Amino acid sequence: MADTQQKDTAGAGQRPAPVVFFLSDSTGITAETLGNTLLTQFPGHRFERRTIPFITTVEEAARVVQAIDAVAAAGPRPIVFSTAVNRDIRAILSQSSGHFMDLFGAHIAELEDALQAPASGEPGKAHGVGDAIRYQLRMTAVEYAIEHDDGQSIRALERAELILIAPSRCGKTPTAMYLALQHGILAANFPLIEEDFARRSLPDPLRPFIHKCFGLTSLPVRLSQIRQERRPDTTYASLAQCSYELRNAEEMYESNQVPYVNSASMSVEEISATILQRMQLHH
C-alpha cells in the first residue's frame, strides 16, 4: 500500500490538522481534484493530505481501513474522499472510522437508474487508456506542443487549433501543455520579442493564423518577480522592462483583435478553461 503525503504548513501552533485521505482504485487524480476543490471552501483550516491510489483488491482495501482507523484513534477523526468504483472495495472503505465521502457511489447509482443500465465497475476510465482513440489524440497533442514550444518550430502551424502568444514567462508553456494533455488541443506557443513590440505587429509566421491566436499578459510586478528567479538583476527582469513589454503586448492584442487574459492571479486550469470558452474549442 503506497501513499503520498502533503502537509499544510500554515497555522503552526494550532490544534492538530485533520488528516485527509484521497482513496482510489486508479490513479487518485480525480479524488484529489474533487476533494481539494471542496477543501478550498474552508480556507481557515489546514490539512495533512495522504493519497492512496491503486486499491485494487479487498485485501488492500482492508489494510487501508486499518490505516485510517489508526489515524482516527490517535487524533482528530480523518476525512476520507473516495472515488473507488468497484462495489466490493467501496463497501470495505466505507467501514473506516473516518468521515467517509463516496464521490462516485451515489452518482453511479443515479446514472444506472437514468440509463437503465449497470455501470462497468472498471477503474481507470477517467485517466487510463480505456478510450484508445482519445488517449492517442492527447499524446499527439502533447508531442505537437513540445515541438512548437516557444516558437521552436513553425512546421505544420496550419494544424494548430490554438496559438498562444505572450511576453516571456507569462505562462505560455504550462498552459499549452495542460491543454494538450487534458483536452487534446493542438496548441503552439510563441514568445513576443523586442522586434514585435517595435513593429506593433504579430510575428510574421503567425499572421496567416491570427484567428487562432490567444494572448496572455500579466502584472509588471508579478512578471518581474518570476523573471528575477530566472535571471536576477538583469534588464530582462527589471520592472521597467516588464512594464514596457506588457503594455506593448496588450496594445498589440487589441490592435489585432486578439483575445487575451491576464494570467497573474490565475491557475493554469483557470487560464485553460477561459481559453477553451472564449475560443470555443471542444474535444
Side-chain angles (χ1 to χ4, degrees), residues 141-142 144-231 234-283:
V142 169
Y144 187 90
I146 292 172
E147 179 183 348
H148 295 84
D149 181 43
D150 222 22
Q152 294 181 94
S153 172
I154 59 173
R155 186 181 71 87
L157 274 181
E158 69 279 359
R159 292 183 59 208
E161 297 170 275
L162 172 72
I163 302 174
L164 290 173
I165 56 176
S168 173
R169 311 305 288 181
C170 284
K172 301 183 304 300
T173 295
T175 301
M177 290 300 298
Y178 181 88
L179 286 166
L181 183 59
Q182 294 296 323
H183 298 283
I185 300 297
L186 295 174
N189 76 80
F190 267 72
L192 297 177
I193 59 177
E194 195 69 33
E195 179 182 342
D196 303 319
F197 299 134
R199 295 185 311 172
R200 302 282 180 97
S201 140
L202 294 176
D204 289 340
L206 304 188
R207 292 182 187 179
F209 310 108
I210 191 170
H211 60 289
K212 298 181 179 183
C213 291
F214 192 98
L216 298 178
T217 185
S218 186
L219 297 175
V221 172
R222 175 61 178 155
L223 183 58
S224 178
Q225 291 172 340
I226 294 173
R227 289 185 175 184
Q228 285 287 352
E229 296 174 1
R230 187 181 187 189
R231 299 181 192 169
T234 59
T235 300
Y236 166 80
S238 69
L239 185 59
Q241 180 67 22
C242 293
S243 298
Y244 165 79
E245 292 187 23
L246 292 172
R247 181 174 63 254
N248 280 275
E250 291 177 14
E251 290 178 359
M252 185 189 304
Y253 300 152
E254 291 171 359
S255 64
N256 289 277
Q257 297 184 317
V258 171
Y260 67 96
V261 69
N262 190 314
S263 64
S265 60
M266 299 176 71
S267 67
V268 68
E269 294 88 351
E270 291 171 321
I271 297 169
S272 299
T274 299
I275 292 171
L276 290 173
Q277 180 185 46
R278 295 182 61 181
M279 298 295 284
Q280 297 184 351
L281 294 172
H282 304 286
H283 268 220

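Note that this is a predicted model, so its numbers are computed, not measured. Starting from 1, each residue takes its place in the sequence as its number.
- Looking at heavy atoms from C-beta onward, L239 lies in side-chain contact with V221 at the 4.5 angstrom threshold.
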Task: Chi angles and distances behind the side chain to side chain contact (heavy atoms under 4.5 Å, CB included) call for I163, N189 - done: CA-CA 5 Å; I163 302 174; N189 76 80; over 6 Å; no
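- In this structure the side chain of F190 never reaches within 4.5 angstrom of the side chain of H148, judged on heavy atoms.
- Taken from OG in S265 to CD in E270, the straight-line distance is 7.5 Å, to the nearest 0.5 Å.
- In terms of heavy atoms, T235 sits closest to Q241 at O-CB, 3.1 Å.
- I165 is not listed as a side-chain neighbour of K172, based on a closest heavy-atom distance of 4.5 Å or more.
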TODO: Decide yes or no on side chain to side chain contact (heavy atoms under 4.5 Å, CB included) for T175 and M266, but give the supporting numbers first.
DONE: CA-CA 11 Å; T175 301; M266 299 176 71; over 6 Å; no
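- Taking CE of M177 as the reference point, atom OG of S272 lies at 11.5 Å (rounded to 0.5 Å).
- Of the possible donor and acceptor atoms, one in the side chain of R278 sits under 3.5 Å from a partner among the backbone N and O of Y260.
- Here the straight-line distance linking atom CG of L219 with atom SG of C242 works out to 11.0 Å at 0.5 Å rounding.
- Inter-residue side-chain proximity for Y178 and E269 is flagged as met; some heavy-atom pair is nearer than 4.5 Å.
- The shortest distance between side-chain heavy atoms of L157 and L206 falls below 4.5 Å.
- Closest heavy-atom contact between D196 and P191: OD2-O, 3.9 Å.
- Across every non-hydrogen atom of E158 and F209, the tightest pair is CA-CE2, 3.7 Å.
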Open item on the list: What verdict does the side chain to side chain donor-acceptor pair (under 3.5 Å) test give for R222 and S263, after you've listed the backbone C-alpha separation in whole Å, the side-chain angles of each residue and the deciding distance to 0.1 Å?
Closed with: CA-CA 10 Å; R222 175 61 178 155; S263 64; over 6 Å; no
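- With a 6.0 Å radius and a threshold of 12 heavy atoms from other residues, nucleotides or ligands, Q257 has its CD atom at or below the threshold.
- Once rounded to the nearest 0.5 Å, the distance linking CD of Q280 with CD of E161 reads 13.5 Å.
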TODO: Start with the C-alpha distance between F197 and E251, add both sets of side-chain angles, then the distance that settles side chain to side chain contact (heavy atoms under 4.5 Å, CB included), and finish with yes or no.
DONE: CA-CA 9 Å; F197 299 134; E251 290 178 359; over 6 Å; no
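- A donor-acceptor pair under 3.5 Å is formed between the side chain of Q152 and the backbone N or O of D149.
- Residues C213 and M279 come closest through the heavy atom pair O-CE, 3.8 Å.
- To the nearest 0.5 Å, atoms NZ (K212) and CG (L164) are separated by 13.0 Å.
- Between the side chain of N256 and the backbone N or O of V258 there is no donor-acceptor pair closer than 3.5 Å.
- In summary, E245 and R227 engage in a salt bridge, as defined by a charged side-chain N under 4.0 Å from a carboxylate O.
- Y253 places a side-chain N or O within 3.5 Å of a backbone atom of L216 that can act as its donor or acceptor partner.
- Counting heavy atoms from C-beta outward, L179 and L276 have side chains that approach closer than 4.5 Å.
- Distance check, rounded to the nearest 0.5 Å: CG of L192 to CE of M252 gives 5.0 Å.
- With a 4.5 Å cut-off on side-chain heavy atoms, C170 and L246 count as touching.
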